[in-house]
Amino acid sequence: MCRAPRVVLGRCRCPAPGLLHATSKEATLFFLSETAPTSAYSSPARSLGDTGITPLSPSHIVNDTDSNVSEQQSFLVVVAVDFGTTSSGYAYSFTKEPECIHVMRRWEGGDPGVSNQKTPTTILLTPERKFHSFGYAARDFYHDLDPNEAKQWLYLEKFKMKLHTTGDLTMDTDLTAANGKKVKALEIFAYALQYFKEQALKELSDQAGSEFENSDVRWVITVPAIWKQPAKQFMRQAAYQAGLASPENSEQLIIALEPEAASIYCRKLRLHQMIELSGKAAVNGYSGSDTVGAGFTQAKEHIRRNRQSRTFLVENVIGEIWSELEEGDKYVVVDSGGGTVDLTVHQIRLPEGHLKELYKATGGPYGSLGVDYEFEKLLYKIFGEDFIEQFKIKRPAAWVDLMIAFESRKRAAAPDRTNPLNITLPFSFIDYYKKFRGHSVEHALRKSNVDFVKWSSQGMLRMSPDAMNALFKPTIDSIIEHLRDLFQKPEVSTVKFLFLVGGFAEAPLLQQAVQAAFGDQCRIIIPQDVGLTILKGAVLFGLDPAVIKVRRSPLTYGVGVLNRYVEGKHPPEKLLVKDGTRWCTDVFDKFISADQSVALGELVKRSYTPAKPSQLVIVINIYSSEHDNVSFITDPGVKKCGTLRLDLTGTSGTAVPARREIQTLMQFGDTEIKATAIDIATSKSVKVGIDFLNY
């Protein structure tokens, strides 16, 4: 009799013993040795001649009745880090005062017209590649360096997007600094998280009046929901390297999905904490007849007046908007940040207000960075791509200055703006261009035929409002198109609310576009202080991780098995004859399908028996795919993502039944997935996290 060990995060326990022994159709798992080839198109079972195991029971899903039991490890405080593409920050709440969320101290530095409740996601390393500074401090120090000296320092910004855009992300993936030098991505992310750890612990210690230990903290790090699994795992590895948690104490760190965090916070909104764009009802005294810009400007003024208060009270009730929702009502959260736009669809479950994910997270690289890229393309058109690329390398600090100047003007763009926007060109840009081309910046503008950008004698590019709005158009069009596609899905019909959150949601041009496209279908709500919505929601998630009850699996998971070979059904090249028995190799035995609904703590359980009872090392390989209809582990897109190696040596004295039972469990429904294999006769077990970076 076996008591299965606790699985992931300690919130879910395996059900009481009492295993099914009904024999299903015969299949056999094949095993890979440690040195097995990992090519997706080889046939490991055939090449190695491994023995297999036969199932003792069909697969079944167990809803763990104890899944609401929280990890008993006590944390004094939850600290959430919103690691953004363009800006980052942290917030915290003491577990004894969960209704109070404290946003980090004000950052030193800042830009005119830009809120500094978060700090830029910029990092500076010394020429010796040691951490120097982060945020405004990094940017300002780099800016003040002599141009020749600056070339030796490694300055990185907006590097988070690399995790989304890299198809074959590994622990050795590189980032490129402003000076063109390469540095390991894991090192940079770990430095950044270590910085936040030190800042938060120092603030907590100052507040408590005594040294605050890291072991007292539960950490939450936010990531986009549309990130693929390797990127999410990469962030966890960086956090381990930074010392936030460890693989042995993994439950100290929670990876939170950004739109889920926003959704959790939006549940708590009171009427005075939001702006409604759709005009179906007046909120904050603004009705649909008020312009989008005017309502939001007043709200931002209200926020500025309250900027000194860094503590937000979250009442332990459902907010007024939520009180209008009924069982089964649906809403969309559009998280528009610097790098990506994430769309999630949730359904309310009463009476507790728990959330169910209705449709797997979608989105794409449609963040506010897209506007920066359009500006860069405009500069290419005027000054030439060869010059701009050379200028970035030769005068990296001046390039940063130029993009800072553009950022503040970008934030001034609005649908009803009539006066031009002036972007200051750094002196070194003007000077370097003259040396590079032999003529002036003004001459380049005249020659370029770009009518909507003029030269000002004060050393500025003067852009018409239409020109600035045109830079937003491709990105906003992509967001609207993606939302339209989403609204066509049957699961998304009859949506009641659309919550627009994230830093890019502050852009009046985006607000107007969303309102124009969807205002007649649902109510469009923007929380006040919209750039902090995810941060505050992530704190709430850390206090109660069980609030999201049902998620959609982003991938199909299974194991490689040998099935009895059936003539005419199985491909001839998959035939393997072993000890007189004909097997079909490389069969993908599915545990769960992509986009399948999985509850928090759901376990898929299967039992197997080795074909040879004397076998002492059992290796089960786990595979994943973005596709649902997978037949073989050699199909395109199938990737190995985990290995369960159960070593039974030293158990020869144990009474082993003729058919030794190996139970395999996979737990889904959390932001991470864990697998366990147990030898029932000896209670020996092995547990593994699904690993997308090391295979």
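All of these numbers come straight from a predicted model, not from anything done at the bench.
Under the 3.5 Å distance criterion, the side-chain polar atoms of Thr85 are left unmatched by any main-chain donor or acceptor of Lys160. For Ser205 (side chain) and Leu201 (main-chain N/O), a donor-acceptor pair under 3.5 Å exists by modelled atom type. Between the side chain of Thr344 and the main chain of Ala361, no donor-acceptor pair closer than 3.5 Å is present. Side-chain atoms of Thr95 come within 3.5 Å of backbone N or O of Leu76 as a donor-acceptor pair. Counting only distance, with no hydrogens or angles, the side chain of Gln347 and the backbone of Leu358 share no donor-acceptor pair below 3.5 Å. Using modelled atom types, one side-chain atom of Ser336 and one backbone atom of Val501 make a donor-acceptor pair closer than 3.5 Å. For Thr122 (side chain) and Gly135 (main-chain N/O), a donor-acceptor pair under 3.5 Å exists by modelled atom type. Under a 3.5 Å cut-off, the side chain of Arg236 and the backbone N or O of Leu253 do form a donor-acceptor pair. No side-chain donor-acceptor contact under 3.5 Å links Asp679 to the backbone of Leu646. No donor-acceptor pair closer than 3.5 Å links the side chain of Lys590 to the backbone N or O of Thr556.
Taking all atoms of both residues into account, the shortest heavy-atom contact from Asp168 to Thr173 is O-OG1, 4.3 Å. Taking each heavy atom of Glu258 and Ile534 in turn, the nearest pair found is O-CG1, 3.7 Å. Of all non-hydrogen atoms in Ser597 and Glu602, the two that sit nearest each other are O-OE1, 4.3 Å. Taking both residues in full, the closest heavy atoms of Val345 and Val332 are given as CG2-CG2, 4.3 Å, listed atom of the first, atom of the second, then distance. The two atoms that bring Ala231 and Leu169 nearest to each other are CA-CD2, 3.6 Å, heavy atoms only. Ser685 and Ile678 get closest at one heavy-atom pair: CB-CG1, 3.9 Å.
Residues Glu626 and Lys228 are paired through a salt bridge, judged by an N-O separation under 4.0 Å between the basic side chain and the carboxylate. In this structure, Glu187 does not pair ionically with Arg129, as no charged nitrogen and carboxylate oxygen lie closer than 4.0 Å.
Here OH of Tyr240 is found 8.5 Å from CD of Glu248. Values are rounded to the nearest 0.5 Å. The OH atom of Tyr359 sits 11.0 Å away from atom CD of Glu357, with the distance rounded to the nearest 0.5 Å. One finds the CD1 atom of Ile622 at 12.0 Å from the CG atom of Asp589 (value rounded to the nearest 0.5 Å). With rounding to the nearest 0.5 Å, the separation of OH in Tyr265 from CZ in Phe499 is 11.5 Å. With rounding to the nearest 0.5 Å, the separation of OG in Ser215 from CG in Asn249 is 9.0 Å. In this structure, CG on Leu175 lies 8.0 Å from OG1 on Thr166, to the nearest 0.5 angstrom.
With a 6.0 Å radius and a threshold of 12 heavy atoms from other residues, nucleotides or ligands, Lys158 has its NZ atom above the threshold. At most 12 heavy atoms of other shown residues, nucleotides or ligands fall within 6.0 angstrom of atom NZ in Lys202.
No option in Thr121, Thr222, Thr533 other than Thr222 meets the side-chain hydrogen bond (donor to acceptor under 3.5 Å, both in side chains) test with Asp82. For the side chain to side chain contact (heavy atoms under 4.5 Å, CB included) test with Val78, the passing option among Leu540, Leu543, Ile101 is Leu543; the others fail. Exactly one of Lys162, Lys184, Lys182 qualifies for a salt bridge (Lys or Arg N to Asp or Glu O under 4.0 Å) with Asp174. That residue is Lys184.
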Does the side chain to side chain contact (heavy atoms under 4.5 Å, CB included) test come out yes or no for His346 and Cys266, once each step is laid out? CA-CA 12 Å; His346 279 159; Cys266 288; over 6 Å; no
Test Ser625 against Lys639 for side chain to side chain contact (heavy atoms under 4.5 Å, CB included), laying out the working first. CA-CA 6 Å; Ser625 172; Lys639 293 179 180 172; over 6 Å; no
Using the rule given for side chain to side chain contact (heavy atoms under 4.5 Å, CB included), can you reason through Met104 versus Gln199, listing the C-alpha separation, both sets of side-chain angles and the distance that settles it, and then say yes or no? CA-CA 9 Å; Met104 64 275 161; Gln199 292 290 314; over 6 Å; no
Give the intermediate values and the outcome of side chain to side chain contact (heavy atoms under 4.5 Å, CB included) for residues Ile548 and Leu257. CA-CA 11 Å; Ile548 307 280; Leu257 307 182; over 6 Å; no
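When side chains are defined from C-beta on, Ser88 does not count as touching Lys118, because their heavy atoms never get closer than 4.5 Å. Contact annotation: the side chain of Thr340 approaches that of His164 to within less than 4.5 Å [non-hydrogen atoms, C-beta and beyond]. By the 4.5 Å heavy-atom criterion applied to side chains, Val220 and Val81 are not counted as neighbours. Counting heavy atoms from C-beta outward, Leu125 and Tyr191 have side chains that approach closer than 4.5 Å. For the pair Trp219/Lys197, a side-chain contact is recorded, criterion being any heavy-atom separation below 4.5 Å from C-beta on. At least one side-chain heavy atom of Gln252 sits less than 4.5 Å from a side-chain heavy atom of Asn214. Residues Glu203 and Phe212 form no side-chain contact, since every pair of their non-hydrogen atoms from C-beta on lies 4.5 Å or further apart. By the 4.5 Å heavy-atom criterion applied to side chains, Ile123 and Phe189 are not counted as neighbours.
In this pair, Phe131 and Tyr195 present their aromatic rings tilted. The plane angle is within the 30 to 60° band. A tilted orientation is assigned to the rings of Phe141 and Trp153, their planes being inclined by 30° to 60°.
Under the side chain to side chain donor-acceptor pair (under 3.5 Å) criterion, Gln233 pairs with Asp691, sequence neighbours left out.
Between Phe692 and Phe234, the ring center distance fails the sub-6.0 Å criterion.
Side-chain atoms of Tyr142 and Ser133 form no donor-acceptor pair, as typed in the model, at a separation below 3.5 Å.
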